Each structure stands twice: as structure tokens, then as C-alpha cells.
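Everything numeric in this text was worked out from a predicted model, so none of it was measured. Letters A, B, ... are given to chains in the order of the sequence lines, protein chains preceding strands, and every chain is numbered from 1.
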Amino acid sequence: MPELPEVENVKKGLKELVINKQIKYVTVLWGNIVKDPIVETFISEIKGQRIITIERRGKFLLFVLDDYVLISHLRMEGKFRVEQSSVPLTKHTHIIFTLDTGEELRYLDVRKFGRMSLVDKNRVSLHPSLASLGPEPVCEELTVEKIRLFLSNKKRSIKSCLLDQKMVAGIGNIYADEILFASGIHPARIGESLTSTEISKLHHDIIDIMEKAVASGGTTIRTYSNAYGREGSFQQNLKVYGKAGTACVNCQTPINKIKIAQRGTHFCPNCQI
DNA sequence: TCTATTTCCTGTCGGC
DNA sequence: TGCCGACAGGAAATAG
């Protein structure tokens with residue numbers, strides 16, 4: 001399940017493989033992946049566009065083309081692969097970008113949850129998917145004050161707030177649990193109940209964990225791999241996610257698993273208060 | 001305005 | 001062995 005660190009590594013891999021190549025045409029095998037515009041327009045407008053660069057914002061991949069930006073969200077299991085056209089398609093290939101080199105940039109997605117939008121280059125920042133995103137989890141953008149302001153009137157759980165892309169862009173279920181464990185904060189705590197000391201610690205741990213995860217190439221739980229098919233290694237650093245019933249690394253209390261905001265939530269009932 | 005719930009999807013796993 | 005239900009979950013849409 002790609003979160004920011006995984007998407008960042010996908011971006012790096014793809015940049016080496018497709019930059020400066022031209023999209024001759026696109027084949028859409030599962031139309032629901034294309035959110036906007038309508039599939040027919042998507043196909044006609046992307047034809048002939050060159051891939052100038054690839055950027056990332058939160059968990060979104062941005063393929064910067066001549067006149068458009070292709071915004072892609074991998075959601076749960078979306079993947080990009082670059083293959084020679086002679087390589088047979090797999091069952092879960094849904095969109096094929098045929099390049100001028102004879103290669104194909106293929107979008108694969110077992111659960112068909114991923115979404116793509118093709119938007120006018122000068123209207124990218126206005127697109128609803130990007131317009132409401134909060135700051136990136138790096139110290140130049142994410143300040144203690146921004147988190148304090150966001151949480152100041154929140155009646156819902158801190159876990160739900162961490163998953164809200166308006167507070168910080170790029171955090172998903174795995175890292176939300178890991179961050180709260182590092183900060184010693186119970187995931188069910190109400191957002192506005194956090195003290196200024198806790199908010200400072202949370203701010204530090206958000207940046208720290210996301211940076212380390214990026215450096216590790218992301219986390220491979222089930223099926224994530226980057227554009228080269230390589231897996232990440234941050235799963236070796238996980239302290240609570242997927243560890244229900246095993247001993248807490250700090251106090252040996254069994255890790256608990258509950259459901260918060262419809263998400264599996266792992267925490268140490270002794271360390272997190 | 002804010003929060004909670006539902007929807008989209010299919011492979012995997014546990015229970016019988 | 002095979003069937004069935006539960007589960008995994010990000011973001012958008014919908015409901016309250």
C-alpha cells in the first residue's frame with residue numbers, strides 16, 4: 001500500500017525510465033481508473049505528449065507533459081512498469097502508454113482502486129485532489145504551529161487526523177500507527193486534547209519516520225515494489241503495524257489491534273496514553 | 001462546517 | 001478440497 005515514501009521511490013525509478021520519451025498513444029482497458037476527463041478525451045489529448053519530468057505531491061505522482069499534467073494515485077496496489085511491447089500483458093494491466101521508443105509504460109492494479117486525471121498544465125494546483133493537500137512532512141514546510149492550528153478544533157481521533165491529507169500530505173495507515181507509537185500517543189485520543197508537548201513530539205516523529213522510510217525505499221507489506229520491481233525495507237523497522245499480539249519492543253506488553261476510522265489500528269496499550 | 005459512513009475492488013485467509 | 005464470509009484500505013461521495 002503505497003504511502004509517501006513508496007510513491008517517492010516509484011517516482012525516482014520512473015524518472016530514469018521514461019523521461020523525454022513521447023506517448024504515441026494510450027490504451028485504456030479499465031475505464032474507471034480514469035477519473036477525468038472522460039476516457040475519450042483522455043485518450044485524444046494525451047496523444048503525442050512528451051514526458052518532461054515526474055514529480056510527487058503527497059501520495060500523488062505527477063507526470064509533467066508538454067501541455068498537461070497526468071495526476072496518478074496508486075491507492076492500494078497500483079504499479080507502473082516499463083516493458084517492451086513484446087512482453088505479454090498480465091491479467092491486471094489496465095492502462096498502456098505506448099512510447100516512441102517501442103516500450104510501453106503500463107499501469108497495473110489488482111484491485112482497480114487507483115485513479116488518474118489529466119489536467120491542464122496551468123490549472124494543476126487548482127485540481128481538487130491537490131488543492132486541499134496539507135504540507136509535505138519535511139521541516140521546511142510542516143511546522144508545529146500548523147499542526148497545533150489544525151488540531152485546535154478537532155473532535156475526532158488523532159489517528160483520523162493523521163490520515164487526513166489536509167493536516168499533512170502523504171501519511172497512510174502504516175505510518176500513522178508508527179508515528180503515534182513513537183510519540184507515545186493513544187490513537188483514539190481526540191485531536192484537540194493533545195498538549196503542546198505532545199504536538200511538538202508528534203511533529204518531530206512525523207518528519208523523522210517519513211524521512212527514514214523514504215531512505216529505506218519504503219515499506220513492502222504485501223505487494224508494493226517500485227518501478228523496477230524492487231521492494232522496500234522499512235518493514236524491518238515497524239514497531240506496531242501488523243504486530244498485534246506480539247510483545248512491545250519497549251515494555252513487552254502485547255500490541256493491541258482495534259478499529260479506528262474504519263482502519264486497522266495497532267498500538268501498545270502501555271506505552272501510548 | 002464538521003464528522004461519520006459508504007463505495008469502489010479482488011486476492012487471501014480462516015473456519016467449517 | 002471447496003465454499004463462504006471477513007478483511008485489507010485511500011479518497012471521494014454521500015448522509016447526518
Side-chain angles (χ1 to χ4, degrees), chain A residues 1-8 10 28-39 56-62 70-80 89-95 107-119 126-134 136-137 149-180 187-193 210 213 218-225 235 238 240-245 255-267:
Chain A
M1 47 203 84
E3 302 181 27
L4 183 154
E6 293 75 36
V7 178
E8 179 64 22
V10 169
V28 178
L29 302 175
W30 184 262
N32 286 358
I33 302 283
V34 178
K35 193 171 74 171
D36 55 301
I38 60 168
V39 174
R56 178 195 59 73
R57 179 75 175 92
K59 303 174 203 171
F60 292 89
L61 272 176
L62 311 177
L70 175 68
I71 304 175
S72 168
H73 197 302
L74 305 173
R75 296 282 181 96
M76 312 307 303
E77 306 203 15
K79 295 172 186 58
F80 280 100
L89 296 181
T90 62
K91 184 181 169 187
H92 302 296
T93 304
H94 304 310
I95 299 189
Y107 179 74
L108 294 67
D109 192 340
V110 170
R111 280 147 88 176
K112 301 177 177 171
F113 264 23
R115 293 292 179 267
M116 288 182 198
S117 297
L118 187 67
V119 304
L126 301 174
H127 192 271
S129 296
L130 304 180
S132 58
L133 286 181
E136 294 283 317
L149 204 62
F150 183 89
L151 294 177
S152 64
N153 61 343
K154 291 294 178 289
K155 317 286 183 200
R156 56 197 164 113
S157 65
I158 184 64
K159 168 74 185 260
S160 165
C161 294
L162 273 176
L163 293 174
D164 189 333
Q165 303 297 299
K166 292 191 279 297
M167 182 168 97
V168 186
I171 298 174
N173 202 42
I174 296 173
Y175 297 116
D177 283 3
E178 294 299 316
I179 289 164
L180 288 172
R189 284 273 299 285
I190 299 302
E192 65 177 6
S193 78
M210 298 306 272
T219 300
T220 298
I221 292 290
R222 273 169 39 77
T223 58
Y224 160 75
S225 57
Q235 62 275 14
L238 298 180
V240 288
Y241 184 87
K243 307 281 184 188
I255 297 302
N256 203 349
K257 182 180 179 185
I258 58 177
K259 200 156 226 181
I260 296 179
Q262 317 294 99
R263 300 283 182 269
T265 299
H266 314 72
F267 68 102

Please report, rounded to the nearest Å, how far the [atom2] atom of [N] is from the [atom1] atom of [X].
X: Tyr241(A); N: dA8(C); atom1: OH; atom2: P; value: 8 Å
X: Lys159(A); N: dG10(C); atom1: NZ; atom2: P; value: 8 Å
X: Ile158(A); N: dT3(B); atom1: CD1; atom2: C1'; value: 15 Å
X: Phe150(A); N: dT1(B); atom1: CZ; atom2: C1'; value: 13 Å
X: Tyr107(A); N: dC9(B); atom1: OH; atom2: P; value: 12 Å
X: Leu163(A); N: dA11(C); atom1: CG; atom2: C1'; value: 11 Å
X: Met167(A); N: dT3(B); atom1: CE; atom2: P; value: 13 Å
X: Leu108(A); N: dG11(B); atom1: CG; atom2: P; value: 13 Å

How far apart are the closest heavy atoms of Pro187(A) and Ile158(A), and which atoms are they?
O-CG2, 3.5 Å

For His73(A) versus Tyr107(A), what's the shortest heavy-atom pair and its separation?
O-OH, 4.0 Å

[X] side-chain N/O to [N] phosphate OP1/OP2 under 4.0 Å:
X: Gln165(A); N: dG10(C); value: no
X: Lys259(A); N: dT5(B); value: no
X: Ser129(A); N: dA11(C); value: no
X: Lys35(A); N: dA11(C); value: no

Less than 4.0 angstrom from a charged side-chain N to a carboxylate O is my criterion; do Lys155(A) and Glu192(A) meet it?
yes

Between Asp164(A) and Lys154(A), is the closest basic N to carboxylate O distance under 4.0 Å?
no

Counting only side-chain heavy atoms from C-beta out, which of [options] sits nearest to [X]?
X: Lys59(A); options: dA8(C), dG10(C), dA12(C); value: dG10(C)
X: Met76(A); options: dA8(C), dA12(C), dG9(C); value: dG9(C)
X: Lys155(A); options: dG9(C), dT3(B), dT10(B); value: dT3(B)
X: Asn153(A); options: dA11(C), dC2(B), dG9(C); value: dC2(B)
X: His73(A); options: dC9(B), dT3(B), dA11(C); value: dA11(C)

Walk me through it: do Cys161(A) and Arg156(A) pass the test side chain to side chain contact (heavy atoms under 4.5 Å, CB included)?
CA-CA 7 Å; Cys161(A) 294; Arg156(A) 56 197 164 113; 4.1 Å; yes

Interface polar pairs with nucleotides 6-8 of chain B, N/O, under 3.5 angstrom:
none

With no hydrogens and no angle check, do the side chains of Asp177(A) and His266(A) hold a donor and an acceptor under 3.5 Å apart?
yes

Tell me, with the steps shown, if Arg189(A) and Leu180(A) meet side chain to side chain contact (heavy atoms under 4.5 Å, CB included).
CA-CA 10 Å; Arg189(A) 284 273 299 285; Leu180(A) 288 172; over 6 Å; no

Have a look at Lys257(A) and say if it touches a base, only the backbone sugar-phosphate, or nothing, with a 4.0 Å heavy-atom cut-off.
sugar-phosphate

Mapping Arg156(A) and His92(A) to their closest nucleotides on DNA chain B, which lands nearer the 5' end?
Arg156(A)

For the pair Trp30(A) and His94(A), name the ring-plane relationship: parallel under 30°, tilted 30 to 60°, perpendicular over 60°.
tilted

